[in-house]
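Per chain, numbering begins at 1; letters A, B, ... match sequence-line order.
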Number of protein chains: 4
Amino acid sequence: MEQSKRRQQIVEVAIHTIAELGYAQASVGQIVKRASVSKGVFTYHFASKDELMEQIVHEVFDAGARFMSPRVEGQTTPGGMLKAYIESNLEFMGGHRDYIVALTEVVTNARTADGKLRFGGAADDLILEPLIEILRWGQEAGEFKPFTERSARVTAAAIRSAIDGIASQLLVNPGLDLSGYAAELADLFLSAVHRPSHPADSSAEGGEQS
Amino acid sequence: MEQSKRRQQIVEVAIHTIAELGYAQASVGQIVKRASVSKGVFTYHFASKDELMEQIVHEVFDAGARFMSPRVEGQTTPGGMLKAYIESNLEFMGGHRDYIVALTEVVTNARTADGKLRFGGAADDLILEPLIEILRWGQEAGEFKPFTERSARVTAAAIRSAIDGIASQLLVNPGLDLSGYAAELADLFLSAVHRPSHPADSSAEGGEQS
Amino acid sequence: MEQSKRRQQIVEVAIHTIAELGYAQASVGQIVKRASVSKGVFTYHFASKDELMEQIVHEVFDAGARFMSPRVEGQTTPGGMLKAYIESNLEFMGGHRDYIVALTEVVTNARTADGKLRFGGAADDLILEPLIEILRWGQEAGEFKPFTERSARVTAAAIRSAIDGIASQLLVNPGLDLSGYAAELADLFLSAVHRPSHPADSSAEGGEQS
Amino acid sequence: MEQSKRRQQIVEVAIHTIAELGYAQASVGQIVKRASVSKGVFTYHFASKDELMEQIVHEVFDAGARFMSPRVEGQTTPGGMLKAYIESNLEFMGGHRDYIVALTEVVTNARTADGKLRFGGAADDLILEPLIEILRWGQEAGEFKPFTERSARVTAAAIRSAIDGIASQLLVNPGLDLSGYAAELADLFLSAVHRPSHPADSSAEGGEQS
DNA sequence: AATGAATGAGTATTCATTCAT
DNA sequence: AATGAATGAATACTCATTCAT
């Protein structure tokens, strides 16, 4: 574990600062002021602001995975897993609003010296992978419709985008009814991916036909 | 028409600069350098950087509406219109990548003095409205499944998010096969909203009755 | 007469602009905007901003002289003339508040390239001269106390400063009761300069001894 | 004591810069150049240029009070105190020419965002108060003539203006014989305020009764 | 006579980073 | 480990002046 307490504290404060002020206003000066430490303490623990940003992205992803994994992996059907993925993701968002807002800010704003997005893309495939695997499983189990390579990717991306879109809405409307929204969204995409012809598929939980 | 040639030129250059370097690096200095004009020429034509940003948002929305309107409004069925909405939107994105990227950058970054997003939220409802109307029309025509107030909004938001999500992907992967992607996405959401004409498809409503 | 109507109009607008916004904010841009003319029209009529400032100083001094001369020169006693000088000066200030404020702003702010006050000092001796002459006349007439070269100059400067001090007060407190103030000030300085030994001189009006 | 050495140094340099170049030319850039420090060092120690200006005003008033207080408060007669006030004030001006010039520049030029003088007026009454008290004391002691509310204020203002007027003259003529000037000015105003009927009052020193 | 677009040096302020203590 | 003073390049914006039309 490379994380000292100080590092962890600064990451935490930075996340809330970015969530509140936005990426551009969240200067190192602001962050250390809110953490009640000196500027030097920042430079001592982080080689640069970029390293802090990397740490933030890392931390938020980790926290998300820690929250979702048990909820998603406990599922026994593809439909149940897709539903659990969407709902636990939105539940995590609801309980960690600042984490999500900060992540969005960092990922869409942090840039390298030559102007490219620092956290651009690299993560995208990694993020879609679990969703694609759920879709493949559902297809093999006969619960979901058949996917081509591309349609699986498009579907996974649409689900991710719909979830991420809520991060933006949360920013504007913090009182959003997330659990209702989550159920609605799960239904929508289950309708979209279910195999159309099998009567047995009628329940959202995706009953396995014998 | 209040737009002088110079204003229009600066807006154009600014859009490409923002698309390439991101909002934060797209300083007035960068923009005028790329436009090969002096700093003063900017201040002469725009009261402030904020005014330029407003102009950019305005310009991109207008250009999008000009492109999509004839394609969408020519449709005679709800399904055709939803498909035309998705496809013409993505086609516009493909032909105006920088416009879309710049719009996204401006909308997610431009802030007022008190730290609030300058173009935040206000637009959201306006943007969803046309989609919701298509869904309503489809419902009334018997082509789409029935929607509650909330499910219509969630569905519209999911469609919008899926489309907007492509802006981000375009940023990272400019070679994206947009027309294939568009057809796939249209199919996905048509599956999701169509009335389950097959009795066996009853799952679309997803309602668990007690 | 070198003054075109345009020049005169611009000088007038500039005086009011400076009075309202202060020297530093009274840019050429502001002035031409308020005059509803283009920037070019300014450059056509004035070689530079400095020339405008000179014209303003000239104009205000002239207007002051035109107002005060008949009132001061009609006097037949030194005391009457000193009183008339003070009172007509303050009366002019009251009726031309913007002129006085603008003059003060220009004289205390306009600088040459090397940082020296553009209208500094040169005028000072010229301004004190008439006052010194009144004092000399009063001394010769036996109405005022005797003055040395220096005491005459110090007294004249004190009177001028007291009058000018009111310009500053007018700036802050436009509702100042100038005529009351003027009478009070005249009394004060008549007390100060009157020959001390003549009991009859004790009245503020500067009684003529028989 | 909140003043660091650097703050004090910058205030000092700023005073001399303003005295030499005037308020408008005394940019932060000029000041830090003359102080041989970087621009950043200024912002580190002062939140804004305005804060520096406030500090300058504070510093000059304080220095003046430190110098004058012992000289004025040691006096035992109203006349002696008025004389000490005028003379110690001018003596301070002579020894701190730049302080006085800078104060005048700042007070007459520094403005708030809405165009009002930043240090306008508010101070005026405070400054006149000590003088008015001296006049009142002299009246009660029978040494000065009777004053109305207004005549006391007008007299105090005239004295202040005469003193301040010398700041302007010092600007133009640094070699001014201040101590001679001061004695002359004290005599002038003692003549103006003394009770006219008491022959014993004729000396400028304000004869102490045996 | 007049226009208004253009210039470029100037302004205060922000900020990530360095470094002696 | 920690401090906080210092740096200097970057930011948006102002403005007197020039000049082609």
Atom pair CD (E12(A)) and CD1 (I56(A)), whose distance is rounded to the nearest 0.5 Å
10.0 Å
Please list, chain by chain and in numerical order, all residues satisfying side-chain contact (heavy atoms from CB on, under 4.5 Å) with V28(D), sequence neighbours excluded.
V32(D), F42(D), K49(D)
Partner set under side chain to side chain donor-acceptor pair (under 3.5 Å) for D164(C), not counting sequence neighbours
R160(C)
The correct list of stems in which DNA chain F takes part (3 or more consecutive Watson-Crick or G-U pairs, distances under 3.5 Å) is E:2-21 with F:2-21
Please identify each residue that fulfils salt bridge (Lys or Arg N to Asp or Glu O under 4.0 Å) with R6(B), with sequence neighbours left out.
none
Give a yes/no answer on whether the side chain of H45(B) brings an N or O atom under 4.0 Å of OP1 or OP2 in dA6(E).
yes
Between R7(A) (side chain only) and H45(A) (backbone N and O only), is there a donor and an acceptor less than 3.5 Å apart?
yes
Nearest-angstrom distance from the residue atom OH of Y44(C) to P of dC19(F):
17 Å
What integer distance in Å separates E51(A):CD from dT17(E):P?
11 Å
Let's see if you can work this out: which of dT18(E), dT13(E), dT17(E) has an atom nearest to the side-chain heavy atoms of T43(A)?
dT18(E)
Rounded to the nearest angstrom, tell me the gap between atom CG in D50(D) and atom C1' in dA12(E).
10 Å
In whole Å, what is the span from the CZ atom of R7(D) to the C1' atom of dG4(F)?
15 Å
What's the closest nucleotide to the side chain of R6(B) if the choices are dA16(F), dT18(E), dA6(E)?
dA6(E)
Going by salt bridge (Lys or Arg N to Asp or Glu O under 4.0 Å), name the residues that satisfy it together with D98(D), two or more places apart in sequence or in a different chain.
none
Residues two or more places apart in sequence or in another chain: which of them pass ring pair (Phe, Tyr, Trp, His ring centres under 6.0 Å) with H96(C)?
F92(C), Y99(C)
Once side chain to side chain donor-acceptor pair (under 3.5 Å) is applied, what residue pairs with a partner in residues 21-37 of chain D remain, sequence neighbours excluded?
E20(D)-R34(D)
For R97(C), salt bridge (Lys or Arg N to Asp or Glu O under 4.0 Å) partners two or more places apart
none
Residues touching DNA chain F, which here means a heavy atom under 4.0 Å, drawn from residues 18-42 of chain D
V37(D), S38(D), G40(D), V41(D)
Roughly, in whole Å, what's the span from NZ in K49(D) to P in dG10(E)?
15 Å
